[in-house]
Amino acid sequence: MPKAKKEKELQEEHSDEAEEPKKRKKAKSKKDPNAPKRAMSAFMFYSMAQRDNVKNANPDLSFGEIGKQLGEQWRNLTPEEKRASHLGDCDMPESDLGFSPIALREASRR
């Protein structure tokens, strides 16, 4: 059977299905720029505190390689060290974080 006939038959078979009305997608609403941000994970606190140390120790690493190095260090930490990294032991000023890590710890205990 020639290729053109096969294509025509396929189109005829699917023409019955094509007659059904198509559903429209809902318009995606825009994000509120003033909405609160998602809480940071313990790893993010750790990486913010340690990124400069890793960068100074290895100035030739790219941004992605620094992230890999931080991830490797994070995996090697004990659970107690991980917990401490986001419960107030962050050495970044509160103004850079946008909130107090100690206040976060107190809020998470409630």
Side-chain angles (χ1 to χ4, degrees):
M1 184 181 273
K3 190 174 186 178
K5 282 188 177 182
K6 281 186 181 181
E7 288 178 6
K8 189 174 182 179
E9 286 178 7
L10 286 174
Q11 286 177 353
E12 288 174 3
E13 288 176 15
H14 293 295
S15 65
D16 297 335
E17 297 170 7
E19 292 175 10
E20 296 176 16
K22 294 182 180 179
K23 294 183 180 179
R24 290 185 178 220
K25 292 184 179 179
K26 285 188 175 182
K28 187 173 183 181
S29 61
K30 294 189 177 188
K31 287 186 177 182
D32 181 11
N34 298 323
K37 305 292 185 231
R38 185 184 282 190
M40 290 195 315
S41 67
F43 173 73
M44 291 306 297
F45 281 108
Y46 176 78
S47 65
M48 286 172 50
Q50 296 298 318
R51 185 169 293 275
D52 287 335
N53 297 339
V54 172
K55 190 184 275 188
N56 291 336
N58 305 302
D60 57 326
L61 291 181
S62 68
F63 183 81
E65 291 169 338
I66 291 173
K68 288 177 185 179
Q69 183 79 25
L70 288 167
E72 184 67 31
Q73 290 176 3
W74 178 254
R75 280 188 290 276
N76 294 331
L77 291 178
T78 64
E80 292 80 27
E81 291 172 326
K82 288 180 180 181
R83 196 173 305 114
S85 69
H86 78 287
L87 293 179
D89 292 343
C90 182
D91 54 341
M92 292 191 71
E94 290 180 22
S95 59
D96 289 349
L97 292 172
F99 58 89
S100 166
I102 295 172
L104 177 67
R105 175 180 61 206
E106 297 301 323
S108 67
R109 289 183 178 172
R110 295 180 199 160

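What you are looking at is a predicted structure, and each value in this text was computed from that prediction instead of being measured.
Of all the heavy atoms in Arg51 and Gly67, the pair that sits closest is NH1-N, 4.4 Å. Across all non-hydrogen atoms, the minimal contact from Gln73 to Val54 is NE2-CG2, 3.6 Å.
In this structure Arg38 satisfies the side-chain hydrogen bond (donor to acceptor under 3.5 Å, both in side chains) test with no other residue, sequence neighbours excluded. In terms of the side chain to side chain contact (heavy atoms under 4.5 Å, CB included) criterion, residue partners of Glu65 (sequence neighbours excluded) are, by chain and number, Leu61, Ser62. Not counting sequence neighbours, the partners of Asp32 by the side chain to side chain contact (heavy atoms under 4.5 Å, CB included) test are Asn34, Ala35. Applying the side chain to side chain contact (heavy atoms under 4.5 Å, CB included) criterion to Thr78, with sequence neighbours excluded, gives Glu80, Glu81. Looking at residues two or more places apart in sequence or on another chain, you find a salt bridge (Lys or Arg N to Asp or Glu O under 4.0 Å) between Arg75 and Glu72.
Distance check, rounded to the nearest 0.5 Å: CD1 of Ile66 to CG of Asn53 gives 11.0 Å. Note that the CE atom of Met48 and the CG atom of Leu70 stand 12.0 Å from one another [nearest 0.5 Å].
Using the six-membered ring where Trp is involved, Trp74 and Tyr46 have ring planes that are tilted, between 30° and 60° apart.
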